[in-house]
Novice: 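Submitted below is the structure of interest, expressed as structure tokens.
Everything quoted here is computed from the prediction, not taken from an experiment.
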Amino acid sequence: MNTPPPSANIAPGPVWALLSPIGRLSREPYWLSFAFVLVIIGIPVKIWLASLMEFQANENLTLETLPINDFMASNPLLPILYLVLNWVHLALVIKRLQDVGLSGFLALLIFVPVVSLLLVIILGFVPSQAKPNRSGPLPNSYWRKN
């Protein structure tokens, strides 16, 4: 009496929600993930920008006249942070598109500035498909590879 393992991992976890583009994600975890990233990443970036503005005030510089070398020297982790945030943004949008029943390739639209904002907001309000689709059996799940 060998019973096959279930075909889905119903509770993948927060690391999956933020980093993996595989599976489906419903509206609530989608918004909570964006809020989490905003709080965890947004607050340190705001503090860094405030310190940068203080530096500019002391040097009589504006953000436009600040040399790029000084800007990058003020936070050398900025390129890495930028890549990580883009990956998280892309992974969330891909999973949300798959949950709605659309192709994840449409997530490439997040690299178009105005379309990105509209896509994120619209995907946050479109309901999930109630039935299984090729990306997973239920929202907030993915197909388990056996």
Side-chain angles (χ1 to χ4, degrees), residues 1-57 63-64 66-146:
M1 298 250 175
N2 292 341
T3 54
S7 62
N9 186 351
I10 303 301
V15 173
W16 166 82
L18 292 173
L19 299 178
S20 174
I22 299 168
R24 296 174 62 180
L25 191 66
S26 65
R27 290 179 285 186
E28 183 180 2
Y30 176 76
W31 286 119
L32 288 173
S33 297
F34 272 113
F36 176 76
V37 169
L38 181 66
V39 169
I40 297 300
I41 303 299
I43 292 174
V45 167
K46 187 174 181 177
I47 293 170
W48 167 68
L49 285 174
S51 68
L52 187 60
M53 294 302 165
E54 183 179 311
F55 170 76
Q56 291 174 344
L63 197 55
E64 292 81 23
L66 183 68
I68 190 70
N69 293 337
D70 291 341
F71 182 74
M72 292 305 293
S74 68
N75 189 351
L77 295 178
L78 186 65
I80 295 169
L81 178 66
Y82 179 75
L83 291 174
V84 168
L85 288 177
N86 274 332
W87 179 259
V88 169
H89 187 187
L90 188 64
L92 289 171
V93 170
I94 288 173
K95 284 192 296 259
R96 189 68 192 119
L97 282 166
Q98 291 172 347
D99 187 49
V100 173
L102 298 172
S103 172
F105 283 111
L106 291 174
L108 293 175
L109 291 173
I110 68 168
F111 296 110
V112 179
V114 175
V115 176
S116 174
L117 181 62
L118 291 173
L119 184 65
V120 167
I121 292 171
I122 290 170
L123 284 175
F125 291 106
V126 175
S128 301
Q129 280 187 332
K131 59 183 187 226
N133 65 21
R134 65 176 181 235
S135 301
L138 299 169
N140 308 327
S141 68
Y142 61 91
W143 293 109
R144 179 182 288 167
K145 306 283 189 229
N146 293 330

Novice: How close do W87 and P21 get, heavy atom to heavy atom, and via which atoms?
Specialist: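 For W87 versus P21, the nearest heavy atoms are CZ2-CD, 3.9 Å.
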Novice: Any idea which heavy atoms bring I94 and A107 closest together, and the distance?
Specialist: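 Looks like CG1-CB, 3.4 Å.
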Novice: With a 4.5 Å limit on heavy-atom distance, are the side chains of S26 and D99 in contact?
Specialist: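 Answer yes - side chains close enough.
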Novice: Which atom pair, heavy atoms only, marks the closest approach of S33 to L92?
Specialist: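 Closest heavy-atom pair between S33 and L92: CB-CD2, 3.6 Å.
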Novice: Distance-only check: which donor-acceptor pairs under 3.5 Å involve side-chain atoms of residues 111-122, not counting sequence neighbours?
Specialist:
unit_1	atom_1	unit_2	atom_2	d
S116	OG	I110	O	3.3

Novice: Has F36 got more than 12 heavy atoms of other residues, nucleotides or ligands less than 6.0 Å from its CZ?
Specialist: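 No, because the 6.0 Å sphere around CZ of F36 holds 12 heavy atoms or fewer from other groups.
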Novice: A91 and S20: which non-hydrogen atoms are nearest, and at how many Å?
Specialist: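 Residues A91 and S20, closest heavy atoms: CB-O, 3.8 Å.
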Novice: Taking R96 for the side chain and L25 for the main chain, is one N or O donor matched with an acceptor at less than 3.5 Å?
Specialist: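 Yes, the answer is positive, given that a donor and an acceptor are paired below the 3.5 Å cut-off.
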Novice: Could you pull out all residues at least two apart from F125 that satisfy ring pair (Phe, Tyr, Trp, His ring centres under 6.0 Å)?
Specialist: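 With neighbours one apart ignored, the set is W31.
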Novice: Working to the nearest 0.5 Å, report the span between CG of L108 and CZ of F105.
Specialist: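 Rounded to the nearest 0.5 Å, the CG-CZ separation comes out at 7.5 Å.
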Novice: Do any N or O atoms from the side chain of R24 and from the backbone of Q129 form a donor-acceptor pair under 3.5 angstrom?
Specialist: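 Confirmed, R24 side chain pairs with Q129 backbone.
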Novice: Quick one: closest heavy-atom pair of S135 and Q98, and the distance?
Specialist: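 Here S135 and Q98 meet closest at OG-CB, 3.2 Å.
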Novice: Roughly how far apart are K95 NZ and L90 CG, rounded to 0.5 Å?
Specialist: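 One finds 10.0 Å between NZ of K95 and CG of L90.
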Novice: Are the side chains of V93 and Y30 in contact, using a 4.5 Å heavy-atom criterion?
Specialist: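 Contact flag for Y30/V93 side chains = yes.
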Novice: For the residue pair W16 and I22, what are the closest heavy atoms and their distance?
Specialist: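 Looks like NE1-O, 2.7 Å.
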